[in-house]
Amino acid sequence: MHDVLWLTGLAGGVLCLAGHLASPVRQWMPHAVALVAMLAMAPGAGDRSTLLAGAAVLGVACLWQMRAGCRYRRPAESVNLAAMAVLTAGAAGAAGAAGVERSHHGAYVPEGVASAALTPWPVLFLVACWVVARAGAVLVRQAWPSGLPARHPGKRALLLGETGSALMVTTMAVMIGLP
């Protein structure tokens, strides 16, 4: 099951990136970082240090997005990256707790995200917070538009970005929440 979820999350990352490739590098680079972080969550590959590094890089990408992202999509995409950073940090904690076993040679065996023993409630709470924060970001942008003109992304780019972000965040949450 985790393999299918991971591939779904990768597909979401590719959709997010595809929606931004026509933009300047400063606008699509955070999405490329998110795709690489999704690669770190591969079943069996995500040991604690890799996932912690991924969470830190996603945090930097979130700050980058807030500063240099597309003015129209900046708030919602920053919330997406922040949620992914928190989920990746949670996966690192779960991978660290689950990967303390030793092999028959006495070496550390990283178990990755697939063996995380988290209850689904914290993960569901985080997804609910993500949904509320995204909705709030969109409502604030519409209620108090900035005085600066924002280039509206095309419908295709908007659809790819929204679908991709929903796939990535929800599959990351399900991967961590499933035993």
Side-chain angles (χ1 to χ4, degrees), residues 1-47 49-92 95 112-114 123 126-127 129-138 141 148-178:
M1 181 69 172
H2 285 276
D3 294 334
V4 173
L5 289 171
W6 180 68
L7 289 174
T8 305
L10 277 181
V14 169
L15 288 174
C16 282
L17 190 58
H20 288 281
L21 281 179
S23 303
V25 173
R26 66 182 169 83
Q27 292 180 4
W28 62 257
M29 188 59 75
H31 302 286
V33 168
L35 185 59
V36 171
M38 193 67 201
L39 286 171
M41 292 189 75
D47 64 341
S49 60
T50 305
L51 291 171
L52 282 175
V57 170
L58 279 169
V60 170
C62 176
L63 294 174
W64 183 352
Q65 182 69 28
M66 283 193 280
R67 174 70 180 108
C70 170
R71 189 170 287 131
Y72 183 80
R73 302 270 308 131
R74 186 181 299 160
E77 289 175 352
S78 298
V79 168
N80 292 340
L81 289 167
M84 288 177 60
V86 170
L87 282 168
T88 306
V113 180
V123 176
L126 181 68
V127 170
C129 289
W130 169 70
V131 168
V132 169
R134 277 196 49 109
V138 171
R141 180 182 43 83
L148 302 172
R151 186 180 73 85
H152 191 287
K155 289 181 182 180
R156 182 183 65 85
L158 196 59
L159 179 66
L160 288 173
E162 291 296 319
T163 305
S165 66
L167 282 173
M168 281 182 60
V169 172
T170 54
T171 56
M172 286 175 79
V174 172
M175 282 174 67
I176 296 169
L178 280 182

Checklist entry - Can Gln27 and Arg74 be said to form a side chain to side chain contact (heavy atoms under 4.5 Å, CB included), step by step? => result CA-CA 9 Å; Gln27 292 180 4; Arg74 186 181 299 160; over 6 Å; no

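- For the side-chain contact (heavy atoms from CB on, under 4.5 Å) criterion with Leu63, the lone passing option out of Arg67, Met66, Gln65 is Met66.
- Inter-residue side-chain proximity for Pro75 and Val138 is flagged as unmet; no heavy-atom pair is nearer than 4.5 Å.
- Contact check for Leu87 versus Trp130: no side-chain heavy atoms found under the 4.5 Å cut-off.
- A distance-only check finds a donor-acceptor pair linking the side chain of Thr171 to the backbone of Met168 [under 3.5 Å].
- Considering every non-hydrogen atom in both Ala34 and Leu58, the closest pair reads CA-CD2, 3.7 Å.
- Between Val169 and Ala83, the shortest heavy-atom distance links the atoms CG1-CB, 4.5 Å.
- Here the CG-SG distance, from Leu21 to Cys16, works out to 11.0 Å after rounding to the nearest 0.5 Å.
- We find the CG-CD1 distance between Leu5 and Ile176 to be 11.0 Å, quoted to the nearest 0.5 Å.
- Annotation for Ala133 and Val79: closest pair CB-CG1, 3.7 Å, computed over non-hydrogen atoms.
- In this structure, Leu160 CG and His20 NE2 are separated by 9.0 Å, a value rounded to the nearest 0.5 Å.
- How far CG of Leu15 is from CG of Leu10: 11.0 Å, rounded to the nearest 0.5 Å.
- Closest approach of Gly12 and Leu167 over heavy atoms only: CA-CB, 3.8 Å.
- Summarising the geometry of Ala173 relative to Val123, their closest heavy-atom pair is O-CG1, 3.0 Å, with the distance given to 0.1 Å.
- Note that CG of Leu35 is 6.5 Å distant from CG of Leu17, once rounded to the nearest 0.5 Å.
- Ion pairing of Glu162 with Arg134 is present here, as a side-chain N (NZ or NE/NH1/NH2) and a carboxylate O approach within less than 4.0 Å.
- Within the 3.5 Å criterion, the main-chain N or O of Met38 finds a donor-acceptor partner in the side chain of Trp6.
- By the 4.5 Å heavy-atom criterion applied to side chains, Met84 and Ser165 are not counted as neighbours.
- Of all non-hydrogen atoms in Ala55 and Ala89, the two that sit nearest each other are CB-N, 3.7 Å.
- Distance OG/Ser23 to CZ/Arg73: 11.0 Å, rounded to 0.5 Å.
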